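Here the structure comes first, spelled out in structure tokens, and everything after it is commentary.
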Amino acid sequence: MYYCKDCNRKFNKPFLKNEHHTLGGPPFEKLYLCPFCKTTNFTEIEIHHCRCCGARIIDGQDEFCSDKCKVRFEKLKREEYKRKRQTEDNAVYKFMREVERYNKKHNTKYSYGQYVALIKPRLKETEKCKQKKNI
């Protein structure tokens, strides 16, 4: 969205004019003009949208178009946080993070099944050995 300072009108796209300057061929100068008064005295207006519903925000409003949207956004945010916490606390996801940490530390690419079958039993044995040495 653009705003012309001369005619005080808003428009979506400026008018494009190729200025030839008495040249028979390219390069031409591209001029962007107000489609109403044909001046170059215009600025681009930043358009903000509501973080909840995506509606255009009127000047003076911050992030939300209404208080209703603000309350709804906060509720959605809390629900998303709860869902993420449930996912993080899930045993399968914890184990998958363990596999990822092992692969990153040892520069390997073991899958979940390979890790369970090949690596996990060896890790348990080394932990038992360490415990016996400490006793």
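Keep in mind that what you see is a predicted model, and the values were worked out from it rather than measured.
For Glu100, there are no salt bridge (charged side-chain N to carboxylate O under 4.0 Å, His left out) partners, not counting sequence neighbours.
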Q: List the steps, then state whether salt bridge (Lys or Arg N to Asp or Glu O under 4.0 Å) holds for Arg72 with Glu74.
A: CA-CA 5 Å; Arg72 185 172 161 215; Glu74 293 298 325; over 6 Å; no
Q: Would you please test Ile57 and His49 for side-chain contact (heavy atoms from CB on, under 4.5 Å) and show each step?
A: CA-CA 5 Å; Ile57 293 181; His49 298 277; 5.5 Å; no
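In the hydrophobic clustering of ILVMFWY residues, with side-chain heavy atoms under 4.5 Å counting as a link, Tyr93 and Tyr112 come out apart. Hydrophobic clustering places Leu118 together with Leu123 (ILVMFWY residues linked when any side-chain heavy atoms are closer than 4.5 Å, directly or through intermediates). The hydrophobic clustering, which links ILVMFWY residues whose side-chain heavy atoms are closer than 4.5 Å, places Phe11 and Ile45 apart. Clustering ILVMFWY residues whenever any of their side-chain heavy atoms sit less than 4.5 angstrom apart, transitively, puts Tyr2 in a cluster other than the one holding Leu31.
Interatomic distance, CG of Asn41 versus SG of Cys34, reported as 9.5 Å (0.5 Å rounding). Distance NZ/Lys70 to SG/Cys50: 11.0 Å, rounded to 0.5 Å. To the nearest 0.5 angstrom, Lys77 atom NZ is 6.5 Å from Arg51 atom CZ. We find the CD1-OG1 distance between Ile119 and Thr108 to be 7.0 Å, quoted to the nearest 0.5 Å. Of the inter-residue distances, the one linking Lys109 atom NZ with Asn103 atom CG reads 9.5 Å to the nearest 0.5 angstrom. The line from NZ of Lys5 to OG1 of Thr40 is 10.5 Å long, rounded to the nearest 0.5 Å.
Note on Glu79 versus Lys82: no salt bridge recorded, every NZ/NE/NH1/NH2 to OD/OE distance being 4.0 Å or above. A salt bridge between Lys120 and Glu98 is present, with a side-chain N of the basic residue lying under 4.0 Å from a carboxylate O of the acidic one.
In terms of heavy atoms, Asp6 sits closest to Cys37 at CB-SG, 4.2 Å. Taking each heavy atom of Cys4 and Thr39 in turn, the nearest pair found is SG-OG1, 3.8 Å.
At a threshold of 4.5 Å between non-hydrogen side-chain atoms, the residues Met1 and Asn12 count as touching. Between Arg97 and Arg101 there is a side-chain heavy-atom pair separated by less than 4.5 Å.
Within a 6.0 Å sphere centred on CG of Asp67, other residues, nucleotides and ligands contribute 12 heavy atoms or fewer. Lys38 NZ: more than 12 foreign heavy atoms inside a 6.0 Å radius.
Separation of the Tyr115 and Tyr102 ring centroids falls under the 6.0 Å cut-off. Side-chain rings of Phe36 and Phe15 stay apart, their centers remaining 6.0 Å or farther from each other. Proximity of the aromatic rings of Phe42 and Tyr32 is defined here by a centroid distance below 6.0 angstrom, and this criterion is not met.
With hydrogens and angles left out, the side-chain atoms of Tyr3 and Glu44 include no donor and acceptor closer than 3.5 Å.
Below 30°, between 30° and 60°, or above 60°: for Phe64 and Phe73 the angle between ring planes is between 30° and 60°, a tilted geometry.
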